[in-house]
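In what follows, a single structure is set out as structure tokens and then discussed.
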Amino acid sequence: MGRAAAIGDEHIALAMAMADAARRVLNAQAGDALGVSVKPDRSLVTEIDLRIEAELRAMIADRFPSHGIIGEEAGSEAADAEAVWILDPIDGTAPFIVGLPVYGTLIALAIDGVPLLGIIDIPGVDARWLGAPGRPTTCNGRPVRVRPCAGLALAMMTNSNQDYIPPADRPALEALRGATATRVYGGAALNYGRLAEGRTDLALDAGQKVFDFAPFRPVIEGAGGVITDWRGAPLTIGSSGHLLASGDARVHRQALELIEGLGLGAPSRPQSTAEAADRKDA
């Protein structure tokens with residue numbers, strides 16, 4: 001049985017139910033004072049992150065007890081299983097804390113390390129993108145599609161957060177700033193949903209964790225786009241966190257050539273599943 005055939009309606013139903021559960025908590029708590037802690041890597045976590053992830057883990061354990069889980073806050077369980085769920089209860093914790101509505105929940109299901117089912121759920125703009133094998137990506141149930149773009153010089157580029165790009169990799173951002181028509185910064189996972197529905201052309205990020213990017217591949221590819229690391233390799237749960245997504249393959253090719261010309265790119269040795277599971281979200 002191929003990987004895609006391993007994803008069924010029951011998996012999509014669980015993913016949607018988990019996104020519903022996370023959204024209920026986020027909507028209920030969005031205006032409240034939050035208990036905020038600083039993790040050893042200086043990233044932020046709230047009691048809401050912890051509460052949502054615990055609920056999602058319980059839902060997975062109840063429905064698919066043999067599946068593995070990699071979660072931002074509670075680490076990994078059976079991360080080398082054939083089927084592994086990847087959870088980011090609040091992608092964009094800092095925006096959540098300050099009340100900027102670009103935060104949301106990321107959910108993915110990987111088979112043999114390849115993310116095949118993905119949800120990007122952004123309650124603040126009432127948008128949920130679903131990518132799954134054999135069907136077009138949808139936003140709130142409506143099929144969406146990337147837009148054509150003839151080249152980098154015409155492209156609108158997004159970047160989630162420049163602070164996450166390691167200093168050695170910043171020349172890529174600077175080069176693409178000069179090569180593209182328009183840039184928009186911030187947005188976190190929302191950037192990738194907007195690209196999937198044809199509102200932007202290119203997304204560049206680095207320093208990302210498996211929790212940050214696992215759903216992006218099924219969402220972007222299901223909308224007709226391309227997403228890889230900085231060397232053009234398709235994303236897996238062991239990828240480096242150097243992300244390049246494009247709505248048009250021509251733009252993607254030109255951006256990769258620019259990055260390659262700088263001598264930059266994702267490490268040639270991908271992470272193991274265990275290494276990916278040990279990384280903590282920012």
Side-chain angles (χ1 to χ4, degrees), residues 7 9-31 34 45-46 48-60 63 69-73 85-97 99-110 115-132 135-144 158 160 186-197 199-200 203 205 208-223 225 227 235 243 245 281-282:
I7 303 294
D9 290 343
E10 66 274 20
H11 303 105
I12 296 172
L14 176 60
M16 293 289 278
M18 289 194 289
D20 288 342
R23 185 182 282 212
R24 282 194 296 270
V25 175
L26 288 173
N27 284 342
Q29 301 293 329
L34 303 171
V45 61
T46 73
I48 310 305
D49 296 78
L50 302 173
R51 185 192 312 175
I52 291 173
E53 184 169 321
E55 183 172 350
L56 303 191
R57 284 175 174 269
M59 293 172 73
I60 294 168
R63 185 65 183 85
I69 302 173
I70 299 174
E72 175 192 3
E73 304 303 340
W85 294 89
I86 304 100
L87 308 173
D88 190 345
I90 307 179
D91 180 76
T93 299
F96 177 62
I97 292 168
L100 297 176
V102 298
Y103 59 84
T105 300
L106 304 182
I107 298 167
L109 177 58
L116 297 181
L117 168 64
I119 285 180
I120 303 170
D121 190 67
I122 312 293
V125 296
D126 189 26
R128 178 180 300 172
W129 291 269
L130 168 68
R135 62 181 70 194
T137 290
T138 60
C139 180
N140 297 341
R142 174 181 59 86
V144 294
T158 62
S160 296
L190 179 59
N191 292 339
Y192 293 84
R194 294 306 190 201
L195 188 147
E197 63 181 17
R199 294 179 65 171
T200 66
D205 282 295
Q208 301 297 296
K209 317 301 190 293
V210 63
F211 324 105
D212 300 309
F213 64 75
F216 297 166
R217 178 174 175 179
V219 168
I220 296 296
E221 291 184 347
I227 183 166
L235 299 183
L243 311 180
D281 189 25

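- A heavy-atom distance below 4.5 Å is not found between the side chains of P215 and I119.
- For R57 and E53, the salt-bridge test passes: some basic side-chain N is under 4.0 Å from an acidic carboxylate O.
- Between R23 and D126 there is a salt bridge, since a side-chain N of the basic residue sits under 4.0 Å from a carboxylate O of the acidic one.
- Looking only at side-chain heavy atoms (C-beta outward), T137 and L130 stay at 4.5 Å or farther from each other.
- Atom CG of D49 is separated from atom CG of L26 by 8.5 Å, given to the nearest 0.5 angstrom.
- Minimum heavy-atom separation, A188 to S160: O-OG, 3.4 Å.
- Using a 4.5 Å cut-off on side-chain heavy atoms (C-beta onward), I107 and I86 make no contact.
- Between the CZ atom of R24 and the CD atom of E55 there is a distance of 6.5 Å, given to the nearest 0.5 Å.
- A distance of 12.5 Å separates CD1 in I70 from CG in D88, rounded to the nearest 0.5 Å.
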List, one per line, each side-chain donor-acceptor pair under 3.5 Å for residues 9-16, sequence neighbours excluded.
{"residue": "D9", "atom": "OD1", "partner": "R135", "partner atom": "NH2", "Å": "3.3"}
{"residue": "H11", "atom": "ND1", "partner": "G8", "partner atom": "N", "Å": "2.8"}

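- The line from CG of L117 to CD1 of I7 is 5.5 Å long, rounded to the nearest 0.5 Å.
- Two residues are said to be in side-chain contact when any heavy atoms from C-beta on lie closer than 4.5 Å; I60 and M18 meet this criterion.
- The two residues N27 and P123 come nearest to each other via the heavy atoms OD1-CB, 3.5 Å.
- Rounded to the nearest 0.5 angstrom, F211 CZ and I90 CD1 are separated by 14.5 Å.
- Scanning both residues, I220 and Y192, for their nearest heavy atoms gives CD1-O, 3.3 Å.
- Within the 4.5 Å cutoff, the side chain of I48 has heavy atoms near those of the F96 side chain.
- Minimum interatomic distance between E73 and P89 (heavy atoms only, all atoms of both residues): CG-CG, 4.3 Å.
- The only member of T138, D20, N140 that meets side-chain hydrogen bond (donor to acceptor under 3.5 Å, both in side chains) when paired with R128 is D20.
- The minimum heavy-atom distance between A196 and A223, with the atom names listed, is O-CB, 3.3 Å.
- Taking CZ of R194 as the start and CD1 of I122 as the end, the distance is 9.0 Å to the nearest 0.5 Å.
- Between G118 and V219, the shortest heavy-atom distance links the atoms O-CG2, 3.8 Å.
- The shortest side-chain heavy-atom distance between F216 and I120 falls under the 4.5 Å cut-off.
- Taking the side-chain contact (heavy atoms from CB on, under 4.5 Å) definition, one finds that T158 meets it with V184, N191, T200, A203, sequence neighbours left out.
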